[in-house]
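Here's the structure, in structure tokens; my notes come after.
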Amino acid sequence: MRIFRPIAALYLSFPLILLAALALARYSYQTAQQLAQSSEDSVRQTLAALGDQTRSRVDTFITDSDRTLFNLVDLENLGQFEKRWSEIVRLSNAIEAAIVLDERLLVVKGGYVFKRRNRQEADAFLRLFTDKILPVLPLAELSPDAHRHLHTQYDGIEYLLSYIKRYDKENNRVFFIVLRVNLDYITGTFLPELLQPIGDRGVVGVVNSRGDVVYGQSIREVDRYLYDSNFKSTLYRWRLIMAPRDSDRLRARAERRRLSDMTLIGLMLGVMVLGSAFLLYGISTEQRVSALKSEFMSNVSHELKTPLSLIRMFGELLMLGKVKTPEKGREYAAIITREAERLSRLIDNVLDFSRIERGKAAYEMKPGDLAEVVERALDFFRYRLEREGRQLEVNLPPSVPTSMLDENALTLVVLNLVDNAMKYGGTAPIAVTLHYDDRRRELLLSVRDQGMGIAPDEQRKVFERFYRTRTVRNTNIRGSGIGLALVKHITEAHGGRVSVVSAPGQGSTFTVTLPVREPSPPVEGADDVESPKVAHG
Ligand code: ADP
């Protein structure tokens, strides 16, 4: 009872430990996920901030350079426009051409100035402007001084136009100023200057509406930390695309981290659960063994006491001469011999058993004949069988191969199996059979009784130390529960195995299977070595 409480507490705490382990695993998993997520978020945020800033800088640059030019237009002196402007436009890198329109949307005299030397090209643009661009420019809806952009393309060529409505208060007239932004300058000079420093740290590019790269490296769309956004007000058909240079590495690292976190958490959980399970298993096994041990102690002391008191009692009777007939005297002496035999077998078992317990069961393997060992062991029972009127059917082959064995230990095996058959086998005959399997080179020794049998769920347990079946525990048949454990140990030490076939109420057959281990041949006189004999039987 003293043991019960801590064990019960332990059983109770097992689900608690499991629950705590699960909660801890869940918490660690979430923290790991959050950590990975926040580092990814911070990369993405940094990228987004940089991207937004870059887009604004492009817009600001274009808008500012437009405004500078717009402000230079002296509407009161348009006569001077062409002369002054051609100079300014020529000097302004970002502007390719400028057009001034009057309120009827006609190009004012000298109102078209351009940078390119190529006259034909300049004329072609003016034609394109008046024919196609002007009709779609929402000039009429423009509020004064509002600055707008048109980003468009004709025949595969992109155009960025900047336009504004201006009042000439002096003459009460309205003018429209349209600038053609020099996209070659933007892509060839401005963007490289602006984006180069970013490009050193990451991957950056500008793509047009068809997805062609206008500037920078092309970026795989699948990239995880991708920034992809159209320019806001000027080059709104173009997109700025960015990614950290080592995004693949970052991703791989994050993936690795996630994986190692998960493995660690899994391992931790596994170790906790396994550890607790082992602890429980160990404790419950120990508990069972200690319960069995105390039962063993009481059984053994009982088994020791009974034969001793019998020996003493009949010894005293003989000593005091209280024997009526010589037959009675022989009978008393027989009882004393039988009980002494039982006592010595029990002591043998206990001694051998404690040797096994300490792990020092050293067996003395010598070439031997199992049939002879069995025969000699059965001799021990002759008298007891006769007295109890039991029959023993022995079936031994005339010869079996010589094998390496410990005769004393195997005698103990036979004694235990036959003793059990006599104890638990009812009154029907007991069959002891030795058979040699030539093909598998194995010796099979079986002891069959027709007694109480063993329930299926106990057939493995009977080979455990101290185990006695439920049926036997309810009878007054004496036993210590170590005989079969010894049989198993000895058999396995000989490289063999022991098994039982049994059904409750129908008897049991215990079979010990031993491989034939040939003695190593002596160096000389190989002819003297007995070749293994084949058993018939
Ligand atoms: P014991 O000293 O109790 O006989 P053993 O180790 O020899 O110890 O056997 C363990 C238990 O196995 C026995 O207590 C008994 O319950 C069961 N057992 C062994 N042999 C037989 C048998 N031939 N028939 C039925 N039960 C058996």
Would a 4.5 Å heavy-atom cut-off, applied to side chains only, mark [X] and [Y] as touching?
X	Y	answer
Lys366	Asp406	no
Val207	Tyr215	no
Val374	Leu396	yes
Asp457	Arg470	yes
Leu444	Val512	no
Leu191	Gln196	no
Phe381	Leu415	yes
Gln459	Ser502	yes

**Message:** My understanding is that only residues two or more places apart in sequence, or in another chain, count here; which of them pass side-chain hydrogen bond (donor to acceptor under 3.5 Å, both in side chains) with Arg256?
**Reply:**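 So Arg256 forms no side-chain hydrogen bond (donor to acceptor under 3.5 Å, both in side chains) with any residue.
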Scan for salt bridge (charged side-chain N to carboxylate O under 4.0 Å, His left out) pairs involving [range], sequence neighbours excluded, and state none if there are none.
range	result
residues 490-504	Glu442-Arg497, Lys488-Glu492
residues 315-329	Arg312-Glu316, Glu327-Arg330, Lys328-Glu331
residues 202-214	Arg210-Asp212

**Prompt:** Checking side-chain contact (heavy atoms from CB on, under 4.5 Å) for the pair Val500/Thr509: CA distance, chi angles, key distance, verdict?
**Reply:** CA-CA 6 Å; Val500 61; Thr509 305; over 6 Å; no
**Given Asp419, Val414, Val413, the one that forms side chain to side chain contact (heavy atoms under 4.5 Å, CB included) with Leu417** =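 Per the side chain to side chain contact (heavy atoms under 4.5 Å, CB included) rule, the option paired with Leu417 is Val413, out of Asp419, Val414, Val413.
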**Item:** Donor on one side chain, acceptor on other, Gln45 and Asp41, under 3.5 Å
**Value:**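 No, because no side-chain N or O of Gln45 sits under 3.5 Å from a partner of the opposite role on Asp41.
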**Prompt:** Hey, are Arg44 and Tyr227 close enough side-chain-wise for a donor-acceptor pair under 3.5 Å?
**Reply:**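 No - no donor-acceptor pair under 3.5 Å links their side chains.
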Of all heavy-atom pairs between [X] and [Y], which one has the smallest distance, and what is that distance?
X	Y	result
Phe463	Leu484	CD2-O, 3.9 Å
Arg239	Phe231	C-CE1, 4.1 Å
Asn230	Arg55	O-NH1, 2.6 Å
Tyr29	Met262	CE1-SD, 2.8 Å
Leu24	Ser28	O-OG, 2.6 Å
Thr54	Leu240	CB-CD2, 3.8 Å

Check residues 447-454 and write down every donor-acceptor pair under 3.5 Å in which the side-chain atom is one partner and the other belongs to a residue at least two apart or another chain.
{"residue": "Asp449", "atom": "OD1", "partner": "Gly451", "partner atom": "N", "Å": "2.9"}
{"residue": "Asp449", "atom": "OD1", "partner": "Ser508", "partner atom": "N", "Å": "3.2"}

**Asked** Would Arg258 and Asp261 pass as an ion pair if we require N to O under 4.0 Å?
**Response**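 Answer for the salt bridge query: no.
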**Message:** Quick test of your reading of the model: are Asp369 and Arg376 salt-bridged, counting only N-O distances below 4.0 Å?
**Reply:**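 Salt bridge absent between Asp369 and Arg376.
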Return the [atom1] to [atom2] distance between [X] and [Y], rounded to the nearest 0.5 Å.
X	Y	atom1	atom2	result
Leu274	Leu269	CG	CG	10.0 Å
Met313	Leu310	CE	CG	6.0 Å
Glu386	Leu392	CD	CG	11.5 Å
Ser290	Phe466	OG	CZ	10.0 Å
Thr433	Glu393	OG1	CD	8.5 Å
Thr513	Arg440	OG1	CZ	8.5 Å

**Prompt:** Which is it for Met242 and Ile198 under the side-chain contact (heavy atoms from CB on, under 4.5 Å) test, yes or no, and what are the steps along the way?
**Reply:** CA-CA 9 Å; Met242 301 201 307; Ile198 302 174; 4.0 Å; yes
**Asked** Counting distance only, does the side-chain N/O of His494 pair as donor-acceptor with the main-chain N or O of Leu410 below 3.5 Å?
**Response**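 Here the side-chain-to-backbone pair does not exist.
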**Message:** Between Asp228 and Ile241 (side chain of the first, backbone of the second, donor and acceptor by atom type, cut-off under 3.5 Å), is there such a pair?
**Reply:**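 Pair absent, no side-chain N/O of Asp228 close to backbone of Ile241.
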**side-chain contact (heavy atoms from CB on, under 4.5 Å) evaluation trace for Tyr424 with Thr471** = CA-CA 10 Å; Tyr424 312 114; Thr471 331; over 6 Å; no
**Message:** Applying ring pair (Phe, Tyr, Trp, His ring centres under 6.0 Å) as the test, list every pair that has at least one member in residues 324-348; sequence neighbours left out.
**Reply:**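 The answer is Phe314-Tyr332.
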**Request:** Please test Leu50 against Thr46 for side-chain contact (heavy atoms from CB on, under 4.5 Å), starting from the C-alpha separation and ending with a verdict.
**Result:** CA-CA 6 Å; Leu50 189 66; Thr46 314; 5.7 Å; no
**Message:** Atom CD of residue position Glu388 - does it have more than 12 heavy atoms of other residues, nucleotides or ligands inside 6.0 Å?
**Reply:**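 Above 12, so yes.
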